[in-house]
There are 2 protein chains.
Amino acid sequence: MVRSGKPTIADVASLAGVSVSAVSKVVNGKSGISSSTRERVLAAAAKLRWTPSATAVALRAAKTRAVGMVLRRETNLLSTDPHFTLLIDGIERELAPRGYGLLLHIVGEEQLAEETAYRRLAEEGRVDGVLLTESRVGDTRFALLRDLGLPAVLVGTPWEDDPIPAVRAPHSDCGIHQAVEHLLRYGHRRIGYISGPEDRVHTHHRIRAVEEVLEEHGLGTAPSVTSGDFSPDGAVDAVREMLAHLRPTAILFANDSMAVAGLSTARRLGVEVPRDLSIIGHDDLPMSELVYPRLTTVRQDLVGLGRAAARVLLAALGEVDDGHVQVNPPELVIRESTGPAR
Amino acid sequence: MVRSGKPTIADVASLAGVSVSAVSKVVNGKSGISSSTRERVLAAAAKLRWTPSATAVALRAAKTRAVGMVLRRETNLLSTDPHFTLLIDGIERELAPRGYGLLLHIVGEEQLAEETAYRRLAEEGRVDGVLLTESRVGDTRFALLRDLGLPAVLVGTPWEDDPIPAVRAPHSDCGIHQAVEHLLRYGHRRIGYISGPEDRVHTHHRIRAVEEVLEEHGLGTAPSVTSGDFSPDGAVDAVREMLAHLRPTAILFANDSMAVAGLSTARRLGVEVPRDLSIIGHDDLPMSELVYPRLTTVRQDLVGLGRAAARVLLAALGEVDDGHVQVNPPELVIRESTGPAR
DNA sequence: GTGAAAGCGCTAACAA
DNA sequence: TTGTTAGCGCTTTCAC
């Protein structure tokens, strides 16, 4: 006779000839079970291919063993930039081995859609916590999540010391410091920085990091910053503008896509890289090795950051004791797009 | 007095002064409820910010309102290639409005890890169905999923007419046809094709598509195919090899990353694109507009495919009636990397 | 039009 | 060591 539907704990119990609680204890590794019982239960469970229903366990425990992540697709950032894929890869490496799932939501650019997504996640109780990225100036998500009572961990630097748990790389400015020093060593003096969107917290940190090194070397003046919006199109305009006025001998970009766009723009204007202009990207995404010339860039350990964030969240959920994962500090990867100042 | 924890249907019921079943009927839009009751329930629910618990509903209905997707991270394909991000973007556009979640798993390259992921999804009952991509030669996933009784929809072409429900673009070969014809029109005769991995079903389809056009024009001979593995490194070697032997005047690539790598390799060898060599990519990912010269490429409606697949799955789950979503046919986007044969 | 109660699959408290 | 049972939050008969 064929049983329809999935087997339940009761099926396993009756096949093993024991009570349901015995089965429960066995699969949960509780004590107070004779080894003969244990074996019969295990055999029955294997035979039936039974695994405890995640939903039933979730209802019972009031925990879903899933974490959420909501991503905003702004100016196609999501698809231009494998940034998120790497982060998610890292996150999964911590979640998967512990049987946690990742519930992903991609929402439009409207603020409301994002808020709704978080609200639903919380109110429907679909996840035990969430992971946030792209820390924003005046970020309202932290407050919302606290309000919703949903544990959250941010990848990045919180806005204005908001007490949200956050992970970031050690010596987080040091990659940029290295980048600027690398340029300085090559004799560059007019250095441009094409930043990310102004509503990102890291944008301001990075600008500050560039300035620090410059000041340290007595190049008191602020670097000429033309704010990009992380989109390659914006970068193209910013580069044209910058080349026409500041006439820099080197430009740093806030991400690799913009740097690649910068590379092409230079080429298009007859500016040769690195002979006439040095270019440095940020993140060290796979594309930086694909282009010509290969991009010098500030490597970020995105996979490590993802892992660390997941780990901290898991710790907050009482799943692991030690929320610590090693994250590599950012470092400059020198390739072909930088050279001596003319 | 502050209630701790999330409100339940009972809280709403008592606040509204009705029974729990009345609340249930209201939120589920069932008939047999007076409008006064309805209003009081709605008011109470709003006041308590109550939404039915997804887990409880799932247990009750034996449906989770979530679909799964497991991705293999092979040769860094995942992060090199925003392909998946676009697909997921499309998927979410169908799932989100219906309150469905997307449970994502990224697994290592081992076959076992992938199988385990599907098994868990099914046996733990975490999802109602799954979405598959990257159809493989001799794909074992379809059989596994049937075995597990988990509804599945494939984005792409099934291996050997496997009866798994699948979505693909209309006139799916027509983009490649256009590409080859475009090259022919420019006078190219020695055309190379750098394919994807041989274990992908589409690899063979696309090779066939290229050959068809060539034969049609009396260029009986098969195009010289050097099998890439979708990785840019592989592409670099393939291009070198091809340039040294076949000496093509044009090369088609199975994805944009490889094409971009091809662009750089050519440049590095002193081969100018498109003067000495025309290059065509595949997918039209954002990066194709970033590089110099801008990449001529076969655009695929990845977002549309994601939507369509999600839609078909939703229909299979009885969630929507009509599983139909319009997917744009692939088309050649002509940019700067192609030109007349020398 | 409304409410009481059974039960979805599981775990844990309690009894035996 | 083992089994019985209440109850997690919800939907759905079935009486009223």
Inset, instruction - Find the distance A:D11:CG to C:dC8:C1' and express it as a whole number of Å. - result: 13 Å
Inset, instruction - State whether the number of non-hydrogen atoms from other residues, nucleotides or ligands found under 6.0 Å of B:D161 atom CG is greater than 12. - result: no
Inset, instruction - Going by the side chain to side chain contact (heavy atoms under 4.5 Å, CB included) test, name the single residue among A:V127, A:T64, A:V130, A:V67 that passes it with A:L103. - result: A:V127
Inset, instruction - Nearest whole angstrom, please: distance from the P of C:dG7 to the CD1 of A:I9. - result: 18 Å
Legend entry - Phosphate contact (C:dG3 OP1 or OP2) by B:S19 side-chain N/O below 4.0 Å: yes
Inset, instruction - Kindly say whether, by distance alone, the side chain of A:S24 makes a donor-acceptor pair under 3.5 Å with the base of C:dA12? - result: no
Legend entry - Distance, rounded to the nearest Å, where A:R65 contributes CZ and D:dC8 contributes P: 22 Å
Inset, instruction - Starting from C1' on D:dT1, measure out to CZ on A:R40 and report it in whole angstrom. - result: 13 Å
Legend entry - Point-to-point distance, once rounded to the nearest 0.5 Å, from CD1 of B:I91 to CG of B:L86: 11.0 Å
Legend entry - Nearest to side-chain heavy atoms of A:T37, which nucleotide of D:dT2, C:dG9, D:dC10: D:dT2
Inset, instruction - Could you check which of C:dA4, D:dC10, C:dC8 has an atom nearest any side-chain atom of B:L59? - result: C:dC8
Legend entry - Interatomic distance where CD belongs to A:E124 and C1' belongs to D:dC8 [whole Å]: 18 Å
Inset, instruction - Report the distance from atom NZ of A:K63 to atom P of C:dA12, rounded to the nearest whole Å. - result: 12 Å
Inset, instruction - May I ask you to evaluate whether A:T55 reaches the phosphate of C:dC10, defined as a side-chain N or O under 4.0 Å from OP1 or OP2? - result: no
Legend entry - Shortest side-chain distance from B:K25, nucleotide among C:dA12, C:dG9, C:dT2: C:dT2
Inset, instruction - Find which nucleotide of DNA chain C each of A:K30 and B:S35 is nearest to by heavy atoms, and output the residue with the more 5' nucleotide. - result: B:S35
Legend entry - Of the listed nucleotides D:dG9, C:dA13, C:dA5, the one nearest the side chain of A:S21: C:dA13
Inset, instruction - Whole angstrom is fine here: how far is it from NZ in B:K6 over to P in D:dG9? - result: 10 Å
Legend entry - Polar contact flag, side-chain donor to acceptor under 3.5 angstrom, A:S21-A:S24: no
Legend entry - Main-chain N/O of A:R141 paired to A:D139 side chain as donor or acceptor, under 3.5 Å: yes
Legend entry - Phosphate-side-chain proximity, B:S34 and C:dT2, N/O vs OP1/OP2 below 4.0 Å: yes
Inset, instruction - Please tell me which of A:V20 and B:V23 maps to the more 5' nucleotide of DNA chain D, matching each residue to the nucleotide holding its nearest heavy atom. - result: A:V20
Inset, instruction - Please state how far atom CD1 in B:I33 lies from atom C1' in C:dG3, giving the value in whole angstrom units. - result: 10 Å
Inset, instruction - Select one nucleotide: of D:dT2, C:dG3, C:dG9, the one nearest the side-chain heavy atoms of B:V18. - result: C:dG3
